[in-house]
Amino acid sequence: MDVSPILDNLNEAQREAVSAPADNQLVLAGAGSGKTRVLVHRIAWLIQVERVSPYSIMAVTFTNKAAREMRGRLEQLLGDTLAGRTRSMWVGTFHGIAHRLLKAHWQVLKLPQNFQILDSDDQLRLIKRISQGLQLDETRWPPRQAQWFINAQKDEGLRPDYIQETGDPHQATMLAIYRGYEEACRRGGLVDFGELLLRAHELLLNNPDILAHYQQRFPFLLVDEFQDTNTIQYAWLRVLAGATGKVSAVGDDDQSIYGWRGAKIENIQRFQHDFGNVQTIRLEQNYRSTGLILKAANHVIANNTGRLGKELWTDGKDGDPIALYAAFNEQDEARFIVDNINRWVDEGNSFNSCAILYRSNAQSRVLEEALLRENMAYRIYGGQRFYDRLEIKNALAYMRLLVNRDDDTAIERVINTPTRGIGNKTIETIRLFAREQGCSLWQAAQNMVNSSHLSARAANAVGAFIALINALDEACTDQTLPDIADTTLKQTALLEFHRNEKGEKGQARVENLEELVNACRAFDPNNLATPADTDTGETSLLVQFLDNASLDAGESQADEFDDAVQLMTLHSAKGLEFPRVFMAGVEENLFPHKMTLEDPSQLEEERRLCYVGITRAMVQLTISYAESRRMYGNENHNRISRFVREIPSECIQEVRLKTDVQRPAGFATRTNGSLQDQGEGTGLDLGQRVIHSIFGEGVIIHFEGQGNSARVQVNFDNEGSKWLVLQYANLTPA
DNA sequence: CGCGTCGTGGTTTTT
DNA sequence: CCACGACGCG
């Protein structure tokens with residue numbers, strides 16, 4: 001067997017990981033160390049050298065993107081040898097695979113065959129209704145909090161009956177909502193994300209024959225991003241592996257940034273204990289960043305305790321030092337970044353080689369405004385995803401009703417969208433009736449139209465709705481998926497409804513709806529992140545499409561190929577890399593965020609987030625912070641983040657503006673603005689302290705325009721920042 | 001039912 | 001400060 005294609009071009013550690021004995025292994029893969037590569041080559045090794053059938057391999061990831069990438073690269077690496085048999089391998093997300101198990105064993109689980117997946121939006125709506133049903137005051141018991149509670153319990157594998165009651169009234173209320181919610185899900189055949197995992201776990205735990213089947217089928221399990229597994233995922237994996245299954249766990253404890261939503265970094269250590277004979281391999285050679293960037297990252301993360309220990313290194317160049325810029329305020333910071341991008345692009349680089357990373361989404365606004373002012377194309381990641389959009393969810397709700405009339409969440413969503421005279425009053429009456437009868441809203445509505453439970457007008461409207469759905473169903477029989485979508489949009493008048501919406505919003509929504517039809521046309525069940533078994537022939541294309549829409553929300557935005565600056569939070573940057581990275585707002589209280597300062601473990605997670613941020617940069621990293629930042633309406637003076645202080649000074653070069661104006665103490669010397677915007681010839685300078693007869697003292701933060709129209713933005717100590725026309729402002733240096 | 005006003009809350013996000 | 005949701009009026 002010629003193993004060279006599998007082992008060539010791997011470094012020693014990678015090779016060791018790929019060719020390790022077919023046993024349990026833990027691969028600690030540092031940022032940019034070729035993790036996916038190792039995973040993919042490991043699978044190839046198992047198949048070609050260890051002669052493991054692809055049929056016996058399961059590979060689990062967290063995101064659909066990662067699953068798709070893995071499958072793609074796998075097919076690329078051994079497409080020929082496998083001759084299409086990659087399909088028999090299970091590659092997917094935890095949720096996708098759990099879904100597949102539930103679909104295969106719906107009868108055992110006492111689920112309706114076409115159970116629907118509840119996304120977090122649907123979940124929240126449902127919880128709201130449960131709370132209302134329990135007569136709870138929404139301000140005292142915020143549905144969001146209940147949702148958080150329920151999901152946290154499910155992540156820990158806890159059903160209501162297993163939760164220890166503490167006698168705490170708050171817990172009691174949350175539990176009551178949880179119970180009501182579970183009942184509603186059971187009645188409606190609804191399964192939320194946590195439930196998918198929980199059920200998949202229970203399926204194996206409670207059915208020895210089924211467990212034995214899967215244990216035999218999958219003697220080899222591979223898990224990506226192991227540091228992100230939560231309690232239930234870990235438990236599921238452990239059950240599935242049993243005494244004989246071999247697990248390759250790949251992850252990086254230093255990049256664990258999802259503890260706040262249940263990920264258990266400890267699972268890595270537990271894995272070493274719970275699974276026998278674990279060989280641990282570290283991938284520390286980095287192929288992404290320059291030496292100084294890696295040095296900075298290593299020093300920052302070294303401040304965390306309890307690490308498994310890893311140090312990135314490169315045999316590449318040291319590269320440029322990290323640039324550090326002290327901005328006056330967030331506007332100045334944004335302008336600085338934009339200026340730098342301009343210069344970078346002037347040097348022949350592309351816009352999409354630049355990423356601006358920030359801790360919280362609120363920071364993006366100022367940055368966007370600055371980019372907009374410069375007419376610079378940008379793309380924000382992590383916005384609303386395609387299948388999460390209101391208009392799309394409405395359309396999907398209609399399509400769900402075609403599959404299952406008893407889907408209450410779907411009815412709730414569209415019974416009066418577009419408006420058809422079924423007001424809140426009527427809906428509430430139907431809900432009440434349904435609750436009394438223990439039936440679905442659809443059944444209740446049908447019943448009430450035929451009896452005289454409703455006013456003539458309401459009965460008319462509800463009857464029309466029922467007729468509409470039935471007629472739509474009829475019209476869609478035997479139609480292709482895109483035709484079903486198209487017919488739905490037209491017959492329900494959704495398209496019309498949004499077309500009549502005023503403003504650009506309606507326009508965008510119509511376009512999205514048209515895009516939905518395209519998505520239906522392009523839908524290929526064989527090309528999913530987690531493809532269904534070939535033996536699920538009973539499931540209609542429509543059902544598969546709907547399931548996929550719930551499990552894979554689609555990329556947040558199109559225009560992937562535009563040359564645009566990339567904006568995103570540090571969290572969503574994980575796994576990505578960019579030649580030029582700007583980390584903005586690196587200040588105490590913002591990053592680390594002030595909510596984390598009290599708790600050492602949360603603070604360490606912030607530090608890992610910083611580590612993730614630094615290691616995104618390939619060529620040049622620029623860190624900036626603002627000495628003054630407007631947050632929630634008032635001015636904040638934050639100190640530079642402790643994380644910056646953890647970077648060795650030889651890795652950093654402070655950016656200073658060339659200027660000879662004296663600065664008041666406390667302000668870093670200003671640097672590098674674009675020259676025409678610095679108020680030349682006005683006797684004033686950016687960053688200068690000035691006095692205004694009415695507003696008092698402040699600092700100049702912007703210049704704009706020339707001559708008579710020249711304006712200046714001054715950040716006044718007591719009045720906030722204001723734009724003034726220079727000619728009339730009568731500013732004197734302080 | 002649709003629009004306006006008031007009040008509140010405001011890390012991070014995938015599935 | 002600003003965005004979103006609840007509530008009340010025409």
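Proteins get letters first, then strands, A, B, ... in listed order; numbering begins at 1 in each.
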- Message: Apply the syn/anti split at 90° from 0 to B/dT11 and say which one it is.
- Response: syn

- Query: Does the pair A/Asn394 and A/Arg413 meet the rule for a side chain to side chain donor-acceptor pair (under 3.5 Å), with working shown?
  - Reply: CA-CA 7 Å; A/Asn394 288 340; A/Arg413 188 174 264 286; 3.2 Å; yes

- Message: Can you classify the ring geometry of A/Phe523 versus A/Phe545 as parallel (below 30°), tilted (30 to 60°) or perpendicular (above 60°)?
- Response: perpendicular

- chain A contact limits on DNA chain C, taken 5' to 3' with a cut-off of 4.0 angstrom to heavy atoms: C/dC1 to C/dA6

- Not counting sequence neighbours, which residues clear ring pair (Phe, Tyr, Trp, His ring centres under 6.0 Å) with A/His170? List them please. A/Trp141

- Note on the structure: A correct 5'-to-3' footprint of nucleotides 7-15 of chain B, with B, S and - meaning base, sugar-phosphate only and no protein heavy atom under 4.0 Å, is ---BBBBBB

- Inspect the surroundings of CZ in A/Arg457 and state if more than 12 heavy atoms from other residues, nucleotides or ligands are less than 6.0 Å away. no

- Message: Once side chain to side chain donor-acceptor pair (under 3.5 Å) is applied, do any residues pair with A/Tyr234, and if so which ones, sequence neighbours excluded?
- Response: A/Asp274

- Message: Run the side chain to side chain contact (heavy atoms under 4.5 Å, CB included) test against A/Asn416 and tell me which residues pass, sequence neighbours left out.
- Response: A/Thr419, A/Arg420, A/Ile422

- Item | Derivation and outcome, salt bridge (Lys or Arg N to Asp or Glu O under 4.0 Å), residues A/Asp192 and A/Lys154 | CA-CA 10 Å; A/Asp192 64 37; A/Lys154 290 196 177 190; 2.8 Å; yes

- Roughly how far apart, to the nearest Å, are C/dA3 and B/dT14 at atom C1'? 24 Å

- Query: What interatomic distance, in whole Å, is found between C1' of B/dT11 and the corresponding atom of C/dA6?
  - Reply: 25 Å

- Query: What residues, two or more places apart in sequence or in another chain, satisfy side chain to side chain contact (heavy atoms under 4.5 Å, CB included) together with A/Thr429?
  - Reply: A/Met448, A/Leu454

- Message: Using a heavy-atom cut-off of 4.0 Å across all strands, would you classify A/Asn416 as base, sugar-phosphate, or nothing?
- Response: sugar-phosphate

